[in-house]
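Everything numeric here is computed off the predicted structure, so don't read it as measured data. Chain letters run A, B, ... following the sequence lines, proteins first, then strands; residues in each count from 1.
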Amino acid sequence: MLKRLASFLITMWLVVTLTFIFIRCLPGSPFNSDKMVHPQILSNLNTKYGLDKPFHEQYLRYMQNLVKGDLGISMIYKNRSVSSIIKRAFPVSLDLGIRAVLLAAFVGLLLGLISALFTNKAQDHIISAITMISVSLPGFVVGTLLQYLLCYRLSVLIYNITKVRFNIFPNTGWEGFRSTVVPTIALAAGVMGIVAKMLRSSLKDVMNQDYIVMSRAKGLNKREVVFRHALKNALLPLLSISGPLVSSIIMGSFVIENIFSIPGLGRYFVSSVQDKDYTMVLGLSVFSVFIVVLINTLTDILYAIVDPRVRIEPKDRLGA
Amino acid sequence: MDTILRIKDFSLSFKGKKILDNINMSVSKGEILAVVGESGSGKSMLARSVLGLNSPDVFDIKGKIFFDDRDINSLPEKELTKIRGAKIGMVFQEPLSYLNPVIKMASQLTEPLNKHKKINKRKAAQLMEDFLRKLNINDPLQYMKSYPHQLSGGMAQRGVIAMNSSCEPELIIADEPTSSIDVIVQYSIIKLIKDLARLQGTSVIFITHDLQLAAKIADRVAVISKGRIVEEGDVQEVLKNPRTNETAQLLNACIAERAQETGVKRKALLEIRDLRMHFKSGNNINRALDGVSLTVYEGETLGILGESGCGKSTLSRIITRIQRPTSGKVLFEGTDIFSIKDYSKIVQMIFQDSITSMNPQMRIEDIVAEGIDILYGKSRQERTKDVIECLKRVGLDKSIKDRFPHQLSGGQRQRVGIARALITNPKILICDEPTSYLDTVSQKHMLDLFMKLKNEINLTYIFITHNIRILGNISDRIAVMHKGRIVEIGTRDEIVFNPVHPYTKMLIDASIKDEDYFAESLFQTDDSACNSCGCKYHALCKRTAEKCRQESPALINIEGEHFVACHLF
């Protein structure tokens, strides 16, 4: 555990330092704009945010504040602290992310299971085609396509049939269950395909193992063999990549959030770099490292629960 | 006698290739039938066919298998699941790979009772615990709570046997149940199967490649070769007068001739001084090595004999520098091995399981050449030349270099393993059970190869095994290890024909004489012996004196090169 904490702190330090250096290598500053600004105002601004100080001094001051848990004040959204922005926007991203993770896991596992059990039959081929498409299409294509079909064409269709103006799935926004459905599907699609493909191959692999032959020799039927003996083993490789997958969904939703105008954290990732909002970029980096490490730790713990072989055993082997 | 299994004109082919050809045989109630054949002779496929495990979608099946007068091949899957595990129990070769690694023993072992006898889990667990106790497993409760990887091969195999006989089946099929288990446990497993057959009136089909082993357990034997039964009859008859070449060959492989003696040169190559390796596990200290001192002379073959868990593999890992010892030293020609550069030019290792020790994505050429890649970085042509030469030396064709490990047979892979070790021109070769996964015929070829190489390039071998028959064939000196200590060391003849330590005596007895006495003495005591004080063998020894419990005996010289650690001498 101590080792984990140390590696977390080192990762954190590296990310902060590198981001600190790189963001300042970009040309321009947070206060550059199209309008002509009086040099006096610019220098006043620089003084206010401490940008007139030498580089190393700025770095040390930022690190001091960071240790106290202070992420600083945004340089673009004046008078708003970085933590307050994260606090307001992240729950929306997290909500969307968790929905997408659950959907991807459920549908992905189901599809993977079906295609493994019907290897090289019609079901398998259909599912393979679906997963291939969902893995290869980029998020912004899936998002726009689903938005067009489910939010717009569907409403038009309903109007043509019933002559009632009714939006089942609203185009944009983040209010009520109906508005969450389409973005969740769009965000989950890619990972769902990966999950289905991996489960298919690992389940097929496990079904060729000796202990599956044994469980059949014991007289278990196919359903019992799959659900009691094969599935748990087949989930292991999935579980080991679930950390990166889950964090990519939760921290990587900015494209989908942009398409559906969802007030999540995603857009800040892009805008803060464009605007050279130094404190915001740094704050977001720190935050995402924290989340990624947290998720990876959780999945590692989960892995140890499922696979007894990776647990640290106090006892040696039994017997001779 | 009632016949419970009758196989009639049974043939099995896979993609047009015949695996089993016109098999006719029958098993009577309570009878033990041994099916003996080399690996690849189709004996395992026969076993699977009896359980209906070979899907007709994949295999071309002809003929009939009658069990209880019902044809297995024409029964629907649903009826088959009622026979498997309930009426026919199956025990496989490697228990650990046939147990589900992520499920506790308790739920795996109770499955047949739960499924076939509709006994609820808790009740089934209780029945199973009683059953395990009957099979002489010391702590069934702890056993049931374990996962397979926490058990040794022998312990796991007992569990598998218990599981598959828990529903009192009419027939048990045991497919090489002891081939991956060391000698000592081997006999206890055989006795277990024999007892079960007697106790429950179960018939047994015992599949093996070892004709002598078959003789110990079976009433009748069927010799199978290339998918055909070539000989069948009473075990003793077949053993005395083999009627076919195939049988004679199998028999010869078992009683391999002893290799020629070679004079031992007296130059100390490797000196091991008071080596200790302690693993902490919770509050216990596991003393894998507890003061081992040993000298290896140039050009000799030193055999290290011991059961699993005696520390022999730990010793090999330290000599190869994979692990550092807790204390003690290993010196090569006077220098501490941990300070030697390019150590791979001096010591190389050959592993037990060649397939898992080779990267499946590398071609044979790259696997073999890795040793010189690291040392020298030779040009392409030179590298290929070296590889081909090494492959030739171990008796492989050069075309093999472009293949991948999975495309080779077990024997070929083990040869590649030797070539891989030889390419750096090492002085010492450590072989950790290099033949235990091979059938007796390939085993004999492999041992011949070891002897040939030794004469060609003056290698020094450290040969680690539990199989005293192998050591009797090839080694100059034998060191017997027990619980992290050397209890006896001497020349091969002294150890084999004049063993002094009670433990060595027991090992030798087990391999050549009747196994029954031996299996029992082993069963009752596992590791009740105190871990650090006194002679570690005192709990098992029949001649224990008070002194044995108090003081740990030192290795003393009794004659010539013969040393023993026992208070009785």
Side-chain angles (χ1 to χ4, degrees), chain A residues 116-121 124 199 201-240 299-320, chain B residues 48 51 53 77-78 80-90 92-94 96-104 107-108 111-112 115-116 137-139 142-143 146-152 154-155 158 160 163-164 167 173 182 184-185 279 281-284 286 307-310 522 526-527:
Chain A
L117 293 184
F118 295 93
T119 305
N120 292 334
K121 301 212 173 101
D124 185 24
L199 184 70
S201 74
S202 75
L203 197 58
K204 269 180 68 183
D205 213 35
V206 167
M207 290 303 277
N208 283 325
Q209 293 291 317
D210 291 338
Y211 52 82
I212 296 301
V213 177
M214 168 77 97
S215 65
R216 288 184 61 208
K218 275 193 252 182
L220 303 185
N221 60 37
K222 191 161 185 185
R223 187 173 45 87
E224 289 164 325
V225 169
V226 171
F227 285 97
R228 273 197 222 162
H229 285 276
L231 203 54
K232 210 171 160 192
N233 284 290
L235 285 177
L236 289 175
L238 260 168
L239 213 53
S240 60
T299 51
D300 282 357
I301 292 170
L302 200 64
Y303 194 97
I305 291 172
V306 179
D307 190 349
R309 285 168 297 183
V310 302
R311 285 179 220 158
I312 300 161
E313 293 284 340
K315 273 164 273 148
D316 212 347
R317 289 172 146 215
L318 265 182
Chain B
R48 286 182 182 212
L51 277 180
L53 288 174
E77 185 74 16
K78 208 176 159 203
L80 281 175
T81 58
K82 285 183 191 158
I83 291 177
R84 293 180 195 143
K87 303 263 173 67
I88 306 178
M90 178 117 180
F92 294 94
Q93 185 164 8
E94 267 169 77
L96 288 174
S97 69
Y98 281 94
L99 287 166
N100 194 330
V102 300
I103 298 178
K104 282 188 182 163
S107 31
Q108 300 199 49
E111 251 172 357
K115 167 98 186 170
H116 300 296
I137 284 172
N138 279 337
D139 187 354
Q142 182 63 40
Y143 187 90
S146 312
Y147 287 98
H149 71 277
Q150 294 166 313
L151 305 170
S152 66
M155 289 295 268
R158 280 180 221 178
V160 171
M163 169 167 76
N164 285 293
C167 293
I173 303 173
D182 61 274
I184 301 187
V185 188
F279 296 104
S281 52
N283 292 325
N284 299 331
N286 176 10
E307 57 191 291
S308 53
C310 74
L522 189 100
D526 234 5
D527 30 344

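- Counting heavy atoms from C-beta on, the side chains of Met207(A) and Val225(A) come closer than 4.5 Å.
- Both the backbone and the side chain of Asn100(B) come within contact range of chain A, judged by heavy atoms closer than 4.5 Å.
- Contact between Pro148(B) and Leu96(B) at its shortest, heavy atoms only, is O-CD2, 3.3 Å.
- Side-chain contact check for Arg309(A) versus Tyr147(B): every heavy-atom pair is 4.5 Å or farther apart.
- For the set Asp307(A), Val213(A), Ile212(A), the count of heavy-atom pairs under 4.5 angstrom toward chain B peaks at Val213(A).
- Heavy atoms of Val206(A) lying under 4.5 Å from chain B are absent altogether.
- With sequence neighbours excluded, the residues satisfying side chain to side chain donor-acceptor pair (under 3.5 Å) with Arg84(B) are Glu77(B).
- Among the candidates Val306(A), Asp210(A), Leu220(A), the residue making the largest number of heavy-atom pairs closer than 4.5 Å to chain B is Asp210(A).
- Each of Met90(B), Lys115(B), Glu111(B) was compared with Lys218(A) under the side chain to side chain contact (heavy atoms under 4.5 Å, CB included) criterion, and only Glu111(B) meets it.
- With contacts defined as side-chain heavy-atom distances shorter than 4.5 Å, the pair Ser97(B)/Gln209(A) does not qualify.
- Considering only heavy atoms from C-beta on, Gln108(B) stays 4.5 Å or farther from Met214(A) through its side chain.
- Residues of residues 233-240 of chain A that come closer than 4.5 Å to chain B, counting heavy atoms only, are Asn233(A), Leu236(A), ordered by residue number.
- For Leu51(B), the part lying near chain A is the side chain, with the backbone staying farther off; criterion is any non-hydrogen pair under 4.5 Å.
- Minimum interatomic distance between Gly85(B) and Cys167(B) (heavy atoms only, all atoms of both residues): O-CB, 3.7 Å.
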